[in-house]
Amino acid sequence: MRREGLPELKNAEKGKVVLRFAPNPNGPLTIGHSRGIVINAKFAEEYEGKIILRFDDTDTKVKPPLLEAYKWIEEDYEWITGKKPDVVIRASDRMPIYLKYAEQMISEGFGFVCRCSSEEFKKLRESGEGSPYRERSIQENLDDWNKMISGEMDEGGAVVRVKTSLDIPNPALRDWPALRIQHKVHPCVGDKYKVWPLLDFQSAIEDHKQGVTHIIRGKDLMDSTRKQKLLYEHFGWKYPETLYWGRVKLFGFGSFSTSGMRNSISLDEYSGWDDIRLPTIRSFRRRGFNPNSLNDFWTDLGLTQKDISISMQTIESFNIKKIDSTTPRRSFVRNPVELELNNLENDSMILKIANHPEGSVEGHREWEISNQNRIICIERIDLKPNIRLKDFASIVIKDDKAIIESTKMIDKRPIVHWLTKNNSREAILYAPDKEEIIIYKGLIEKDDILEDTVYQLERVGFVKIEKIPNDGPVEMVWLHN
RNA sequence: GCUCGUGUGGUGUAGUUCGGUCCAUCAUGCCGCCCUUUCGAGGCGGCGACCCGGGUUCAAAUCCCGGCACGAGCACCA
């Protein structure tokens, strides 16, 4: 039995599945995030469920939210899935809820305020001891809690912990921290809150409030699941089904973290979040990737807990399959050499060049060749005595003359792409190469090109034309071979 | 160190729940051929893997035991 696509969801009822995708809005989405979007969207489609886009923006210090990123992420999401999420929420909007549950936790004695420093607690945890603050009275805890939320207590002065058994073998789970003090201004809600929940707490509460039935997350969050289950037991809630995926590394891209990219961009090492060297969704979109190929790619990878390394070539091959038949061909001559056509059969003629060799893109371009218009350009690298100008004629090159031998295919000489000088204009192609951008200068067809359109430049590769200015060169960005 | 997870061809992936139909699937990659007026696409063929060692069994990728390797968590990040 061979399985196609994704595995089945446990305890999933059609129409009742609720999923969520929860990024940190400290930057736009990367190609790595797109896995979460694609997989969740796929499951939502299969089970007729809904997806919540939740912004986990409860850290103002280490990964401060970027105000613009909320909008960007919604755009990125929509680009990938072709639709909007069913629900969009921001954790920062829902602070009263989290604080209320935190207080309930303390009042009912399964949470406590711990005044240990992180170093102190680390030592205690290692030796299997509990915090000296864990056995204080509920009233003492509540008093400290009020100092925390009023702003009386300094950052680092205390955290709220979820009380667990100290006998749990996994040290990561013991008395785990749920909320901490952060006085820094939040770009959305200002300085209203002095205490912010940590991911494990905020996410646990919110998943319950939203009725999330299935969580799909990275396996680095396995201990999060375990911590949250402990919290759910305290509250008497039922924890969602949970699935995990492993780490994905993209060959060809170094390790990019959102905060790292943010820093590099602020240092002008990159032109912006859509810099063609960056593995962001915005960059992929800019370069002309088809979002459906991302869907096919991640679905093909499926959902495994293995840590994997993927070649960009694999993603690209999915994209080629998606776009090849609908992408018009054009001619781009790098390092052009001018030649004068000789031996024309007619004084004037119009060449019809198909937009696509298989005809899957309708139409053609018309190139005029005449006695007055007989200068052509080919790439310097193609400068050989006997070549064939694609779709036109076999020629012999002598000095700067291209002497037509025949318009018929008379032998198997190399076929090269070319242009008439009259129908050409300057163009620049920007291609990412690791940390560099390689610039190719050349000539492109003057007519029949459109901005924001993906073309396959014959014998070069797929590109997107970004700008066709009135003056100056056409600007193009590299997609792939 | 403690805890958790993962190990199928170059890269991914199916099969592992209920052992036989698996001399192991599919994709990508690489090689060759065909087709094609692109170094693209398409077609055909080929290459190449069950981490290791024991055990159970008529039979093990699949079950058991023991190693090994890799990754993650043990943050007042997400």
Side-chain angles (χ1 to χ4, degrees), chain A residues 1-5 7 22-26 55-59 61-64 91 114 116-119 121-122 125-126 128 155-161 168-174 176-182 195-200 202-203 217-227 244 246-249 251 257-259 296-297 300-311 313-318 320-321 323-325 327 329-331 353-354 356-358 360 388-394 407-409 412-417 456-462 480-481:
Chain A
M1 273 286 272
R2 243 174 299 132
R3 204 193 73 216
E4 290 275 322
N24 180 333
N26 62 338
F55 293 106
D56 281 349
D57 56 351
T58 57
D59 174 31
K61 273 183 87 173
V62 184
K63 293 178 179 172
C114 174
C116 297
S117 69
S118 57
E119 296 78 27
F121 188 81
K122 195 176 177 182
R125 173 180 268 167
E126 272 169 15
E155 291 190 2
V159 294
V160 176
R161 297 187 178 280
I168 299 175
N170 188 343
L173 273 38
R174 297 196 284 249
W176 57 271
L179 302 98
R180 81 315 208 179
I181 302 168
Q182 287 197 304
V195 174
W196 288 85
L198 287 147
L199 168 86
D200 292 324
Q202 176 271 129
S203 175
R217 54 168 47 143
K219 69 172 182 178
D220 52 314
L221 260 30
M222 275 182 165
D223 283 346
S224 262
T225 303
R226 297 182 184 107
K227 287 183 214 172
Y244 303 95
R247 269 167 70 99
V248 178
K249 219 170 81 190
F251 285 136
S257 68
T258 303
S259 20
D296 292 353
F297 169 71
D300 186 67
L301 279 201
L303 210 108
T304 69
Q305 293 186 24
K306 273 201 267 184
D307 298 324
I308 54 176
S309 296
I310 295 288
S311 161
Q313 248 190 118
T314 307
I315 300 183
E316 289 169 359
S317 87
F318 276 92
I320 292 170
K321 283 195 178 61
I323 67 171
D324 184 70
S325 65
T327 305
R329 270 50 174 172
R330 289 295 181 266
S331 191
I353 317 270
H356 191 284
E358 277 93 49
S360 55
R388 168 115 191 140
L389 301 176
K390 188 172 183 296
D391 295 316
F392 178 43
S394 301
T407 53
K408 297 208 172 58
M409 286 276 273
K412 294 215 159 183
R413 67 183 73 184
I415 296 163
V416 309
H417 62 294
Q456 193 206 71
L457 303 179
E458 275 176 301
R459 301 210 303 141
V460 177
F462 292 87
H480 50 64
N481 282 114

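Proteins come first, then strands; the chains are lettered A, B, ... in the order of their sequence lines, and each starts at number 1.
For the pair A:Arg174 and A:Phe121, the cation-pi criterion (under 6.0 Å, within 45° of the ring axis) is not fulfilled.
If you take atom P in B:rC4 and the same atom in B:rC65, they sit 15 Å apart, rounded to whole Å. Between B:rG46 and B:rA24, the two P atoms lie 13 Å apart (nearest whole Å). Spacing of C1' atoms, B:rU25 relative to B:rG15, comes out at 8 Å, to the nearest Å. For the P atom pair drawn from B:rG12 and B:rG7, the interatomic distance equals 12 Å after rounding to whole Å. Comparing B:rG55 with B:rG43, their C1' atoms sit 49 Å apart, to the nearest whole Å. With C1' as the reference atom, B:rG20 and B:rG1 are 45 Å apart, rounded to whole Å. Atom name P, nucleotides B:rU16 and B:rC64: the rounded distance is 15 Å, in whole Å.
For the residue pair A:Asn481/A:Glu316, the side-chain donor-acceptor check at 3.5 Å is not satisfied. Checking A:Arg217 against A:Thr225 by side-chain atom types alone, a donor-acceptor pair falls below 3.5 Å.
B:rG66: Watson-Crick or G-U partner is B:rC52, with both key distances under 3.5 Å. B:rA27 is paired with B:rU11 under the Watson-Crick or G-U wobble criterion, all donor-acceptor distances under 3.5 Å. Applying the Watson-Crick and G-U wobble criteria (two distances, each under 3.5 Å), B:rG32 pairs with B:rC44. Across every strand in view, B:rG73 sits in a pair with B:rC2 that passes the Watson-Crick or G-U test at under 3.5 angstrom. Look at B:rC39: it lacks any Watson-Crick or wobble partner with both distances under 3.5 angstrom. As the counterpart of B:rC18, no nucleotide is assigned, since no Watson-Crick or G-U wobble pattern has both distances under 3.5 Å.
Between A:Glu458 and A:Lys390 a salt bridge is recorded (basic side-chain N to carboxylate O distance below 4.0 Å). No salt bridge links A:Arg180 with A:Glu155; every basic N to acidic carboxylate O contact stays at or beyond 4.0 Å. A salt bridge is defined here as a Lys NZ or Arg NE, NH1 or NH2 lying under 4.0 Å from an Asp or Glu carboxylate O, and A:Lys63 with A:Asp57 fails to meet this definition. No salt bridge links A:Arg226 with A:Asp200; every basic N to acidic carboxylate O contact stays at or beyond 4.0 Å.
For A:Phe251, counting side-chain heavy atoms from C-beta on, the closest listed nucleotide (B:rG40, B:rU11, B:rU13) is B:rU11. With B:rU37, B:rG12, B:rG40 as the candidates, the nucleotide lying closest to the side chain of A:Ser309 is B:rG12. Here the side chain of A:Gln305 is nearest to one of B:rG29, B:rG7, B:rG5, namely B:rG5. You'll find that the side chain of A:Pro169 is closest to B:rU3, out of B:rU3, B:rU37, B:rU28. Closest contact between the side chain of A:Lys306 and the listed nucleotides B:rU37, B:rU8, B:rG29 involves B:rU8.
The phosphate of B:rA41 (OP1 or OP2) has no side-chain N or O of A:Lys321 nearer than 4.0 angstrom.
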Base-contact (B) and sugar-phosphate-only (S) positions in nucleotides 73-78 of chain B, heavy-atom cut-off under 4.0 Å, - elsewhere: BSSBBB
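Contact of A:Glu358 with B:rG40 (side chain to base): a donor-acceptor pair of N or O atoms is detected under 3.5 Å.
If you check every strand for non-hydrogen atoms under 4.0 Å, A:Arg226 touches sugar and phosphate atoms only. Within 4.0 Å of A:Thr304, counting heavy atoms only, lie sugar-phosphate atoms of the nucleic acid but no base atom.
Position along RNA chain B of the nearest nucleotide to A:Thr314 versus A:Ser311 favours A:Ser311 as the more 5'-ward residue.
Aromatic ring pairs are classed by plane angle as parallel below 30°, tilted from 30° to 60° and perpendicular above 60°; the pair A:His480 and A:Phe462 is tilted.
In this structure, the NZ atom of A:Lys219 is 14 Å from the C1' atom of B:rU3, given to the nearest Å.
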